[in-house]
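Quick notes on the structure that follows.
Just so it is clear: chains get the letters A, B, ... in the order the sequence lines come, proteins before strands, and each one is counted from 1.
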2 protein chains.
Amino acid sequence: MTRSAHTRADATDLVATTLLTRASRLTRLLMRSGDRELSRTEAGLLSTLLDRPRRITELAATEALAQPTVTQLVDKLERRGLVVRERSGTDGRVVLVSISPSGRERLDAVRAQLRAQMREAVRELGDDELAELAAASETLGRLIEALQQRVNA
Amino acid sequence: MTRSAHTRADATDLVATTLLTRASRLTRLLMRSGDRELSRTEAGLLSTLLDRPRRITELAATEALAQPTVTQLVDKLERRGLVVRERSGTDGRVVLVSISPSGRERLDAVRAQLRAQMREAVRELGDDELAELAAASETLGRLIEALQQRVNA
DNA sequence: GGTGGGTATATAGGTTTCCTATATGACCCG
DNA sequence: CGGGTCATATAGGAAACCTATATACCCACC
């Protein structure tokens, strides 16, 4: 419904040149409003753990972070009591990270805060635009998976 | 067209809980592949300057960065010859930053690289999904403006 | 049953990207 | 022409990453 051309090439160009930039602007704008309880990466990691416990390397792959970065992140979250580290019974090298009850609480609180901010922000958007954003969020998930598979190959 | 609920509340929640996280994952994935010529923030700033020259404070507002951060960024870009600093004739306090010819070149090169990566990544997406992403990129722009106005008020 | 190559995590150390607080200098108004 | 305000610059530091490497465990094979 916009005037932008809808050929694949044009759409790809638009996404390549604007999506990343705008996403990071949006992040700075939202983070600026004193959330502070969880960084966006910490929130992402805890969200992934909601599903089920994961190994450090699994987390590194899905979050697109280097393995030592995840170790550090888990250190910090563990010190705050938000995640639990357990060694696997079957393989002594493996660490299984799971979210703790208070981790769930904290994540919920941060999400509620974000939701409130987002509710304010989307007030000016039409229903169709908002639905578009929601759909795009899901599509982004698929795009990320496609990229991750390409990296592993 | 997806199975996700389309009430405003649900869409808002989905966007709030997934968009930021996924966007930053995507950024890490794309930046990992050795772009290095320009950081995403530098690219964003140069893109803004394509339009017309801007003051430091203007740039800080549109890029959602603190003013000293923009001064630093412009320092670095100026040393590399990608932007030009000029003092305004009418007001001795203001600095007008504009993009240089070689800044345009550099930005084009980086964008071409990003386009190529993106072309690969979106290969697995359907036409409608890609169009959705493109539309969402534009909607994000509007969302950001809404947030910025709220900040200024 | 111990040695060696591969795998999972941890540690060390450094870089980049941002921030806050404050200094400097130019404008403007009484 | 002094005092407040506005635009930029400087100083210093924090956060979120990274690479390179160490440690500890698994497993297969002789």
Side-chain angles (χ1 to χ4, degrees), chain A residues 20-21 23-45 53-80 83-97 151-152, chain B residues 20-21 23-45 53-80 83-97 151-152:
Chain A
L20 286 191
T21 296
S24 67
R25 265 182 231 177
L26 180 61
T27 302
R28 283 193 295 262
L29 277 168
L30 290 180
M31 285 297 159
R32 180 171 291 182
S33 314
D35 253 7
R36 295 299 165 215
E37 297 239 323
L38 292 176
S39 74
R40 91 218 96 125
T41 306
E42 289 170 337
L45 198 148
R54 310 268 179 154
R55 310 173 159 210
I56 299 278
T57 23
E58 254 182 298
L59 287 173
T62 64
E63 304 298 312
L65 293 168
Q67 171 265 312
T69 305
V70 174
T71 293
Q72 281 177 314
L73 259 168
V74 169
D75 282 349
K76 274 175 47 181
L77 291 171
E78 192 184 26
R79 254 180 268 126
R80 295 207 268 156
V83 301
V84 178
R85 247 198 193 93
E86 306 173 85
R87 300 219 84 104
S88 156
T90 61
D91 186 335
R93 296 167 299 177
V94 171
V95 166
L96 276 176
V97 184
V151 166
N152 294 345
Chain B
L20 286 191
T21 296
S24 68
R25 266 182 230 177
L26 181 61
T27 302
R28 284 192 295 261
L29 277 169
L30 290 179
M31 286 299 159
R32 182 171 289 183
S33 316
D35 253 6
R36 294 301 165 213
E37 296 238 324
L38 291 176
S39 75
R40 93 216 96 125
T41 307
E42 289 170 338
L45 197 148
R54 311 267 179 155
R55 309 173 161 211
I56 298 279
T57 23
E58 254 182 298
L59 286 173
T62 64
E63 304 298 313
L65 293 168
Q67 171 266 313
T69 304
V70 174
T71 293
Q72 281 177 313
L73 258 167
V74 168
D75 282 349
K76 275 175 48 179
L77 291 170
E78 190 183 28
R79 257 179 266 124
R80 296 206 269 156
V83 302
V84 178
R85 247 200 193 94
E86 306 172 85
R87 301 220 82 106
S88 156
T90 61
D91 186 334
R93 295 167 299 180
V94 325
V95 166
L96 276 175
V97 184
V151 167
N152 294 345

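Taking atom CD of Glu58(A) as the reference point, atom C1' of dT9(C) lies 14 Å away to the nearest angstrom. Rounded to an integer number of Å, the gap from Arg87(B) CZ to dC27(C) C1' is 13 Å. One interatomic measurement links the two molecules: CE of Met31(B) to C1' of dT17(C), which rounds to 13 Å at whole-angstrom precision. The distance between atom CZ of Arg55(B) and atom P of dA26(C), rounded to the nearest whole Å, is 16 Å. Across the protein-nucleic acid pair, Ile56(B) atom CD1 and dT24(C) atom C1' stand 15 Å apart, rounded to whole Å. The interatomic distance linking Leu59(A) (CG) with dT9(C) (P) rounds to 9 Å, in whole Å. Arg28(B) has its CZ atom 14 Å from the C1' atom of dT17(C), to the nearest Å. A straight line from CD of Gln67(B) to P of dT22(C) spans 15 Å, rounded to a whole angstrom.
Mapping Glu42(B) and Gly92(B) onto DNA chain C by nearest heavy atom places Glu42(B) at the nucleotide closer to the 5' end. Toward the 5′ end of DNA chain D lies the nearest nucleotide of Arg85(B), the other residue of the pair Gln72(B) and Arg85(B) mapping further downstream. For the pair Thr90(A) and Lys76(A), nearest-nucleotide mapping onto DNA chain D gives the more 5' position to Lys76(A).
Between Thr41(A) and Arg28(B) there is a side-chain heavy-atom pair separated by less than 4.5 Å.
In this view, Arg85(A) and Asp75(A), Glu78(A) satisfy the salt bridge (Lys or Arg N to Asp or Glu O under 4.0 Å) rule, not counting sequence neighbours.
Residue contacts shown for Arg40(B) are absent, as no nucleic acid heavy atom lies under 4.0 Å away. Within 4.0 Å of Thr57(B), counting heavy atoms only, lie sugar-phosphate atoms of the nucleic acid but no base atom. Leu65(B) comes within 4.0 angstrom of the backbone, heavy atoms only, and of no base.
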Between Glu63(B) and Arg54(B), does the salt bridge (charged side-chain N to carboxylate O under 4.0 Å, His left out) criterion hold? Intermediate values first, please.
CA-CA 12 Å; Glu63(B) 304 298 313; Arg54(B) 311 267 179 155; over 6 Å; no
Should Val95(A) and Arg87(A) be marked as a side chain to side chain contact (heavy atoms under 4.5 Å, CB included) after you check the CA-CA gap, both sets of side-chain angles, and the distance that decides it?
CA-CA 5 Å; Val95(A) 166; Arg87(A) 300 219 84 104; 3.6 Å; yes
May I have the step-by-step check of side chain to side chain contact (heavy atoms under 4.5 Å, CB included) for Leu38(B) and Arg80(B), ending in yes or no?
CA-CA 11 Å; Leu38(B) 291 176; Arg80(B) 296 206 269 156; 3.8 Å; yes
Taking Watson-Crick and G-U wobble contacts under 3.5 angstrom, with | marking pairs to another strand and [ ] crossing pairs, the secondary structure of DNA chain D is written ||||||||||||||||||||||||||||||
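The two residues Leu29(A) and Ala64(B) have their closest heavy-atom pair at CG-CB, 3.8 Å. Shown here for Gly44(A) and Arg25(B), the closest heavy-atom pair between the two residues is O-NH2, 4.1 Å. Summarising the geometry of Val70(B) relative to Leu65(B), their closest heavy-atom pair is CG2-CB, 4.0 Å, with the distance given to 0.1 Å. Here the closest non-hydrogen pair linking Ser24(B) and Thr21(B) is OG-O, 3.1 Å.
With dT17(C), dA10(C), dG6(C) as the choices, the nucleotide that has an atom nearest any side-chain atom of Arg93(A) turns out to be dG6(C).
Annotation: the span from Leu77(B) atom CG to Ser39(B) atom OG amounts to 8.0 Å, rounded to 0.5 Å.
Heavy-atom contacts of chain A under 4.0 Å fall on DNA chain D between two terminal nucleotides, which in 5' to 3' order are dA16(D) to dC26(D).
Look at Thr69(B) and you won't find any side-chain N or O under 4.0 angstrom from OP1 or OP2 of dT17(C).
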